[in-house]
Amino acid sequence: MATARSNRRSSSRFPGFGARFAVFAECLLVGVWVVLASLPLITYPAAVAAGGRHLQRHLRQEVGGVREFAADWRAAVRHGWAVGVAGWVALWLLWLNVAAVRAGLPGGGLVGVVGAVAFLAALVAGVRAAVSWKPGASWRVLLGAAARRTVLDPAGSLLLVAGFAVVVVSGRIVLPLAVPVVGAVIAGALAVEARYAAGRRGGSGQ
């Protein structure tokens, strides 16, 4: 009885703490799922899409687990693998730019900066498109719309870039630490998309 009363007092002292902690724990779990589903290397867009769908179900308090995540991943990977290939090509181009800078080629510094900015913009657009994915959606349409949002919503895009930086720093400190942080970045992308959509609705209502 004393324990039950103590738990009730703790809940009233920290209202909503249990729900917020549950969301945080779910983000960490999703990070693990997404990393595992990305191991085939070209399936990371589908993995992010499935992770975003799972977090949305969790926030809506709908039933969903690893089976639903796997089903979304299979549906998203049918065409999302091509997006994954394009992402690796973009990374290869970035590596070429960095190599040009290190080689001291004329104009290499400018090319490197432009290449890095273009790569980050493509990465942000890819994540925004992935968390917006639904079964049957066209990746081409999603990427086009996400590219526009990346430009029109610079604040949200910079928040995602900061999230990528946290993943990289976490991985450099303790590599396994970067895995659960991936889930937090996906949750951040969902929040950025929700914020942009709310701003658009508010603007159209004025």
What's the spacing between Leu29 CG and Phe24 CZ if we round to 0.5 Å? 12.0 Å
Under a single-linkage definition using a 4.5 Å side-chain heavy-atom cutoff for Ile, Leu, Val, Met, Phe, Trp and Tyr, are Val32 and Leu39 assigned to the same hydrophobic cluster? yes
Which pair of non-hydrogen atoms, one from Trp33 and one from Val66, has the smallest distance, and what is that distance? CH2-N, 3.6 Å
Please report the closest heavy-atom contact between Val131 and Ala189, naming both atoms and the distance. CG1-CB, 3.9 Å
Under a single-linkage definition using a 4.5 Å side-chain heavy-atom cutoff for Ile, Leu, Val, Met, Phe, Trp and Tyr, are Val161 and Val127 assigned to the same hydrophobic cluster? yes
Please name all residues satisfying ring pair (Phe, Tyr, Trp, His ring centres under 6.0 Å) with Tyr196, sequence neighbours left out, ordered by chain then number. none
Minimum-distance pair of heavy atoms, taken over all atoms of Gly156 and Arg128: C-NH1, 4.1 Å
What distance separates Trp95 CH2 from Asn97 CG, expressed to the nearest 0.5 Å? 11.0 Å
More than 12 heavy atoms of other groups within 6.0 Å of Arg102 CZ: no
Who passes side-chain contact (heavy atoms from CB on, under 4.5 Å) against Leu55, sequence neighbours left out? Glu26, Cys27, Val30, Ile186, Ala187, Leu190
Show me the donor-acceptor pairs, under 3.5 Å and distance only, between side chains in residues 142-151 and residues at least two apart or in other chains.
unit_1: Arg149; atom_1: NE; unit_2: Glu193; atom_2: OE1; d: 2.7
unit_1: Arg149; atom_1: NE; unit_2: Glu193; atom_2: OE2; d: 3.3
unit_1: Arg149; atom_1: NH2; unit_2: Ser132; atom_2: OG; d: 3.3
unit_1: Arg149; atom_1: NH2; unit_2: Glu193; atom_2: OE1; d: 2.8
unit_1: Thr150; atom_1: OG1; unit_2: Ala146; atom_2: O; d: 2.8

Check this for me: Gln61, atom CD, are more than 12 non-hydrogen atoms of other residues, nucleotides or ligands nearer than 6.0 Å? no
All heavy atoms of Arg57 vs all of Asp72, minimum pair found to be NH1-OD2, 2.9 Å
Taking the side chain as every heavy atom from C-beta outward, state whether Val182 and Val179 have any atom pair closer than 4.5 Å. no
Rounded to the nearest 0.5 Å, what separates atom CZ in Phe119 from atom CG in Leu93? 10.0 Å
Taking side chain as C-beta onward, heavy atoms only, is Phe164 less than 4.5 Å from Val124? yes
Mark yes or no for whether Trp139, through its side chain, and Ala76, through its backbone, hold a donor-acceptor pair below 3.5 Å. yes
So which atom in Thr43 and which in Ser38 form the shortest heavy-atom distance, rounded to 0.1 Å? OG1-CA, 3.5 Å
Are Trp88 and Val48 joined in one hydrophobic group, where the rule is that I, L, V, M, F, W and Y side chains link up if heavy atoms are under 4.5 Å apart? yes
Minimum heavy-atom separation for His54 to Gly64, with atom names? CE1-O, 3.6 Å
ILVMFWY cluster, Val85 and Trp133 together (side-chain gap under 4.5 Å): no
Quick one: CG on Leu152 to CZ on Arg200, what's the gap to the nearest 0.5 Å? 7.0 Å
If Ile, Leu, Val, Met, Phe, Trp and Tyr residues are connected whenever their side-chain heavy atoms lie under 4.5 Å apart, and connections chain through other members, are Val114 and Leu94 in the same group? no
